[in-house]
Asker: 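Quick one: this structure, given as structure tokens, is what I'll be asking you about.
Protein chains get the first letters and strands the later ones, always in sequence-line order, with residue 1 at the start of each. This structure is a prediction, so every number in the text was calculated from the model and none was measured.
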Amino acid sequence: MVGSFLKFLALSVMVLVVLIPMWSVLVTSLASRETLAEAGGSMVFLPKEIDFTAYQTILSGGIVTRALWISTLVTVAGTAISLTFTVLAAYGLSRPGSVGHRPILFYFLLTFLIYPGLVPTYLVVTGVGLKDSLWSLILPTAISVFNLVVMRGFFQNIPQDLLDSARIDGAGEFRILLRIVMPLSKAVIAVVGLFYAVGYWNAWFNALLFIDNSDKFPLQIVLRSMILLGQSPQFSGATTGSLPPTESIKMAVVVLTILPILVIYPFVQRHFIKGVILGAIKG
Amino acid sequence: MSASETTVVAGSGEQPARPAAPSGKKPRRRSRAPLRARLRRDWPLLLMTVPAGLLLLAFHYLPTLGNVVAFLDYNPYAGDTPLQALFSSVWIGFGNFDLIFSDPAFWQALENTLTITVFQLVFFFPLPIAMAILVNSVLSTKARSFIQTVVYLPHFFSWVLVVTFFVQMLGGAGLLSQELRQAGVDPPNIMTDPDTFIVLVTAEAVWKDAGWGMIIFLAALATIDPNLYEQSAVDGAGRWRRLWHITLPGLRPVIVLLLILRLGDALSVGFEQFILQRDAVGRGAAEVLDTFVYYQSIATGNYGFGAAAGLFKAVVGLVLILVANKVANMIGERGLISRS
């Protein structure tokens with residue numbers, strides 16, 4: 001009895017420690033100024049009303065709105081590029097015994113052992129003219145060899161007979177990849193796509209390094225300067241004297257930063273074990 | 001391997017189906033088609049690896065070569081492009097390394113890094129294992145998948161977001177302080193106290209990643225034969241003995257693998273997490289090797305010095321991971337790099 005009570009307690013703590021902060025952030029973002037002041041000025045825990053003023057303020061065309069677009073653009077374009085090149089390379093490397101298989105695989109895997117370092121990476125990215133370009137947020141991190149290895153492992157588990165019979169029917173490798181391999185690999189493509197998308201959406205340091213122009217700031221940079229540095233940026237397109245952001249406004253930005261993850265996550269989550277662990281262990 | 005590949009037939013669309021088995025002019029290796037035939041068959045596969053390969057060349061291998069900066073008195077203004085600047089900078093051999101090794105701030109950063117690594121190895125590393133065993137013992141599938149859904153989630157939050165959550169909950173203007181103040185208690189400086197910073201960063205790392213860390217252990221637990229438990233229960237083994245003699249041995253390969261990875265990464269302790277909090281807490285406690293490299297190079301323009309510190313870290317990391325892998329192989333585990 002005591003044992004199962006302790007077990008229940010431990011599991012509840014695990015869950016609540018995640019849910020309570022998220023709840024409080026959501027409630028605060030929907031609180032009015034009065035409720036906020038009543039609660040003590042910083043965070044609200046018990047909802048009184050639902051007030052969308054904070055969301056209206058940040059979505060009316062100021063820096064947060066722009067950052068939201070930038071982050072969306074980088075995430076969508078980046079994920080498309082990463083996923084395409086990763087699928088191609090993973091399939092290209094999925095057949096041991098093909099020409100150059102071993103050296104090319106070695107070329108990819110060696111990146112696990114050799115880490116180029118911050119300074120040379122910075123010099124290369126700025127040297128090829130990507131400073132203040134949104135490409136600097138995509139190209140340097142476009143290929144994750146870990147994701148590639150996971151996907152390759154998954155591809156290798158597809159029955160070879162299927163591919164061989166397609167080849168006998170005269171299908172080329174590109175057609176086989178598109179028509180046979182990819183439809184069978186939806187799970188791993190979903191998971192790897194989520195990993196890439198989350199990576200782009202969450203990237204903060206690359207933007208700190210490469211983006212100086214505030215018109216191109218992604219959401220994470222804006223979130224950090226508002227909350228952790230306590231700056232009050234211009235929210236609306238109009239140049240009226242802006243009030244310092246209330247906690248509701250700050251928390252609304254937090255909610256917007258989490259929202260896309262919360263929306264996509266449930267669709268992909270059920271593939272985690274199937275797509276990732278199998279690939280990782282076999283790979 | 002060779003069995004499946006000899007049945008592979010010519011690749012591109014127009015080629016008639018024809019076994020690619022060697023017709024025998026100059027067979028380089030036994031049972032292999034000549035290189036030209038194999039090239040004709042495999043060129044699409046080669047082509048597919050090119051875009052990813054080029055990206056790695058440009059943004060991984062080229063920067064790796066760029067580490068020569070560590071041996072230069074690199075002056076970014078000596079040329080119009082970094083490459084020109086590189087060639088017009090003076091070669092000073094190990095001069096930058098001499099500077100680093102005589103800089104007390106470097107040793108402070110190294111000490112902080114290693115302390116945090118060891119601390120997290122003790123207080124973070126076992127947690128996902130314990131949590132996985134706990135969650136695995138939940139019988140209801142629904143409850144189990146609900147718990148997994150919730151605790152995996154913070155892994156997908158950015159560090160900016162995680163630190164934000166901690167500030168809003170535990171910071172000077174956060175929920176906890178607000179409630180304490182209303183109760184007439186002086187709130188502690190959890191987010192800015194250098195003395196307890198190591199606990200704070202570990203708590204943040206646990207909040208973000210301990211749940212996600214379970215996933216691999218849960219997968220390993222699922223592969224343990226349930227008959228083992230039944231038999232040992234029949235033999236009279238209690239819950240703890242079963243944990244010790246069946247569960248933990250079943251998890252051993254995964255634990256060893258993750259320990260190797262962690263050891264190879266001993267000099268990294270979460271880059272963004274520390275940069276985000278370094279200024280609030282101060283350099284004394286929050287300067288780690290990665291932040292040291294950043295603040296000594298890009299933030300100040302002292303590229304050669306920072307590159308040398310980064311190269312030191314990369315080389316030590318490489319040695320660590322090779323040693324850890326060797327040790328794992330010696331004690332009979334599969335390890336990270338295996339030729340299979």
Asker: Is there a side-chain contact between B:Glu179 and A:Phe45, using heavy atoms and a 4.5 Å cut-off?
Answerer: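 No; the side chains remain at least 4.5 Å from each other.
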Asker: Any idea which heavy atoms bring A:Gly97 and B:Asp42 closest together, and the distance?
Answerer: O-OD2, 4.5 Å
Asker: Name the option with the most non-hydrogen atom pairs under 4.5 Å to chain A; the candidates are B:Leu153, B:Val50, B:Leu46, B:Val68.
Answerer: B:Leu153
Asker: Do A:Tyr122 and B:Tyr303 have side chains that approach each other closer than 4.5 Å (heavy atoms only, starting at C-beta)?
Answerer: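 Answer yes - side chains close enough.
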Asker: Which one, B:Val138, B:Val254, B:Thr149, leads in non-hydrogen pairs under 4.5 Å with chain A?
Answerer: B:Thr149
Asker: Evaluate side chain to side chain contact (heavy atoms under 4.5 Å, CB included) for B:Phe146 paired with A:Val15, printing each intermediate quantity in order.
Answerer: CA-CA 9 Å; B:Phe146 170 74; A:Val15 169; 4.0 Å; yes
Asker: Applying side-chain hydrogen bond (donor to acceptor under 3.5 Å, both in side chains), name anything that partners A:Thr84, two or more places apart in sequence or on another chain.
Answerer: none
Asker: If you count heavy-atom pairs under 4.5 Å with chain B, which of A:Gly129, A:Pro140, A:Gly127, A:Ala142 comes out on top?
Answerer: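 Looking at each option in turn, the highest pair count goes to A:Pro140.
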Asker: Going from CG on B:Leu57 to OG1 on A:Thr111, what distance comes out if it is rounded to the nearest 0.5 angstrom?
Answerer: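 Here the interatomic distance stands at 12.0 Å.
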Asker: Nearest 0.5 Å please: distance from the CG atom of A:Leu228 over to the OG1 atom of B:Thr164.
Answerer: 4.5 Å
Asker: Does the side chain of B:Met214 reach to within under 4.5 Å of the side chain of A:Met14, using non-hydrogen atoms?
Answerer: yes
Asker: If only atom types and distance count, is the side chain of B:Asn67 paired as donor or acceptor with the main-chain N or O of A:Pro120 below 3.5 Å?
Answerer: no
Asker: Rounded to the nearest 0.5 Å, how far apart are CZ of B:Arg41 and CD of A:Glu173?
Answerer: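 Going from the CZ atom of B:Arg41 to the CD atom of A:Glu173 covers 9.0 Å.
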Asker: Counting only heavy atoms closer than 4.5 Å, note whether A:Val87 contacts chain B via side chain, backbone, both or neither.
Answerer: neither
Asker: Do you know which two heavy atoms are closest between B:Phe157 and A:Asn202, and how far apart they sit?
Answerer: C-ND2, 3.5 Å
Asker: Return the CG to CG distance between A:Leu118 and B:Leu311, rounded to the nearest 0.5 Å.
Answerer: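 So the CG of A:Leu118 and the CG of B:Leu311 are separated by 13.0 Å.
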Asker: Could you tell me whether the side chains of B:Gln168 and A:Ser24 share a donor-acceptor contact shorter than 3.5 Å?
Answerer: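 Judged by distance alone, the side chains do not pair up.
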Asker: Who wins among B:Val315, B:Leu134, B:Val293, B:Asp290 for the most heavy-atom pairs under 4.5 Å with chain A?
Answerer: B:Leu134
Asker: Taking the side chain as every heavy atom from C-beta outward, state whether B:Trp43 and A:Val99 have any atom pair closer than 4.5 Å.
Answerer: no
Asker: Report the option among A:Tyr115, A:Tyr91, A:Phe8, A:Phe112 that has the most heavy-atom pairs separated by less than 4.5 Å from atoms of chain B.
Answerer: A:Tyr91
Asker: If you count heavy-atom pairs under 4.5 Å between each of B:Leu39, B:Thr64, B:Leu65, B:Leu47 and chain A, which one has the most?
Answerer: B:Thr64
Asker: Looking only at heavy atoms and a cut-off of under 4.5 Å, which of B:Val151, B:Leu62, B:Leu161 has the most pairs with chain A?
Answerer: B:Leu161
Asker: Name all residues meeting the ring pair (Phe, Tyr, Trp, His ring centres under 6.0 Å) criterion together with B:Phe156; count only those two or more places apart in sequence or in a different chain, and write none if there are none.
Answerer: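 Scan of B:Phe156 (ring pair (Phe, Tyr, Trp, His ring centres under 6.0 Å), adjacent residues dropped) gives A:Tyr265, A:Phe272, B:Trp212.
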Asker: Where on A:Leu262 is there a heavy atom nearer than 4.5 Å to chain B: the side chain, the backbone, both, or neither?
Answerer: side chain
Asker: Working to the nearest 0.5 Å, report the span between CG of B:Leu45 and CG of A:Leu93.
Answerer: 8.5 Å
Asker: Using only atom types and a distance under 3.5 Å, with no angle test, would you say the side chain of B:His60 pairs donor to acceptor with the backbone of A:Ile114?
Answerer: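 Such a contact is found between B:His60 side chain and A:Ile114 backbone.
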Asker: Looking only at non-hydrogen atoms, find the nearest pair between A:Leu88 and B:Met48 and report the distance.
Answerer: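 Minimum heavy-atom separation between A:Leu88 and B:Met48: O-CB, 3.3 Å.
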Asker: For the residue pair B:Ser145 and A:Gln269, what are the closest heavy atoms and their distance?
Answerer: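 In this case the closest contact between B:Ser145 and A:Gln269 is O-NE2, 4.5 Å.
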Asker: At a heavy-atom distance under 4.5 Å, which candidate from A:Val128, A:Leu110, A:Asp161, A:Val125 has the highest pair count against chain B?
Answerer: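 Option with the top pair count is A:Leu110.
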Asker: With side chains defined as the heavy atoms from C-beta onward, is the minimum distance between B:Trp207 and A:Val18 less than 4.5 Å?
Answerer: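 A side-chain contact exists here, since the closest heavy-atom pair is under 4.5 Å.
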Asker: Determine whether more than 12 heavy atoms belonging to other residues, nucleotides or ligands lie under 6.0 Å from atom CZ of A:Arg175.
Answerer: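 Incorrect, the count does not exceed 12.
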Asker: Looking at A:Ser42 and B:Ala173, would you say the former's side chain and the latter's main chain have a donor-acceptor pair under 3.5 Å?
Answerer: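 Checked: pair present.
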Asker: Measure A:Ala39 against the heavy atoms of chain B and call it side chain, backbone, both or neither at under 4.5 Å.
Answerer: both
Asker: Among A:Ile176, A:Thr257, A:Leu139, single out the residue with the greatest number of heavy-atom pairs under 4.5 Å to chain B.
Answerer: A:Leu139
Asker: Find the distance between CD (A:Glu247) and CG (B:Leu175) and round it off to the nearest 0.5 Å.
Answerer: 11.0 Å
Asker: Less than 4.5 Å to any heavy atom of chain A: does that hold for the side chain of B:Ala70, its backbone, both, or neither?
Answerer: neither
Asker: Can you check whether B:Leu276's main-chain N or O pairs, donor with acceptor, with A:Trp204's side chain at less than 3.5 Å?
Answerer: no
Asker: Could you check if a side-chain atom of B:Asp279 sits within less than 4.5 angstrom of a side-chain atom of A:Leu229, using non-hydrogen atoms only?
Answerer: no
Asker: Considering only heavy atoms and a distance below 4.5 Å, find which of A:Thr121, A:Leu123, A:Leu208, A:Ile20 pairs most often with chain B.
Answerer: A:Leu123
Asker: Checking A:Met22 against chain B: side chain, backbone, both or neither under 4.5 Å from a heavy atom?
Answerer: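 Looking at A:Met22, backbone and side chain both touch chain B.
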Asker: Considering only heavy atoms, which portion of A:Leu16 lies under 4.5 Å from any heavy atom of chain B: side chain, backbone, both, or neither?
Answerer: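 Contact with chain B is absent: no heavy atom of A:Leu16 under 4.5 Å.
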Asker: Below 4.5 Å, heavy-atom pairs only: which of B:Ala309, B:Pro51, B:Ala52, B:Ser137 has the largest tally toward chain A?
Answerer: B:Ala52
Asker: By a 4.5 Å heavy-atom criterion (distance strictly below it), what part of B:Phe166 contacts chain A: side chain, backbone, both, or neither?
Answerer: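 For B:Phe166, neither part sits under 4.5 Å from chain A.
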Asker: Heavy atoms only: give me the nearest A:Val119-B:Ala307 pair and the separation to one decimal.
Answerer: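 For A:Val119 and B:Ala307, the tightest heavy-atom pair comes out as CG2-N, 3.6 Å.
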Asker: If I compare all heavy atoms of A:Ala89 with all of B:Thr49, which pair ends up nearest, and what's the gap?
Answerer: O-CG2, 4.0 Å
Asker: Counting only N and O atoms by type, is there a donor-acceptor contact under 3.5 Å from the side chain of A:Tyr107 to the main-chain atoms of B:Gly53?
Answerer: yes
Asker: Taking the side chain as every heavy atom from C-beta outward, state whether A:Ile227 and B:Val163 have any pair of such atoms under 4.5 Å apart.
Answerer: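 Counting from C-beta outward, A:Ile227 and B:Val163 never come under 4.5 Å.
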Asker: Side chain, backbone, both or neither: which part of A:Ile81 has a non-hydrogen atom closer than 4.5 Å to chain B?
Answerer: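 Nothing of A:Ile81, per the 4.5 Å heavy-atom cut-off to chain B.
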Asker: State whether the side chain of A:Gln220 and the backbone N or O of B:Ser158 hold a donor-acceptor pair below 3.5 Å, judged by distance alone.
Answerer: no
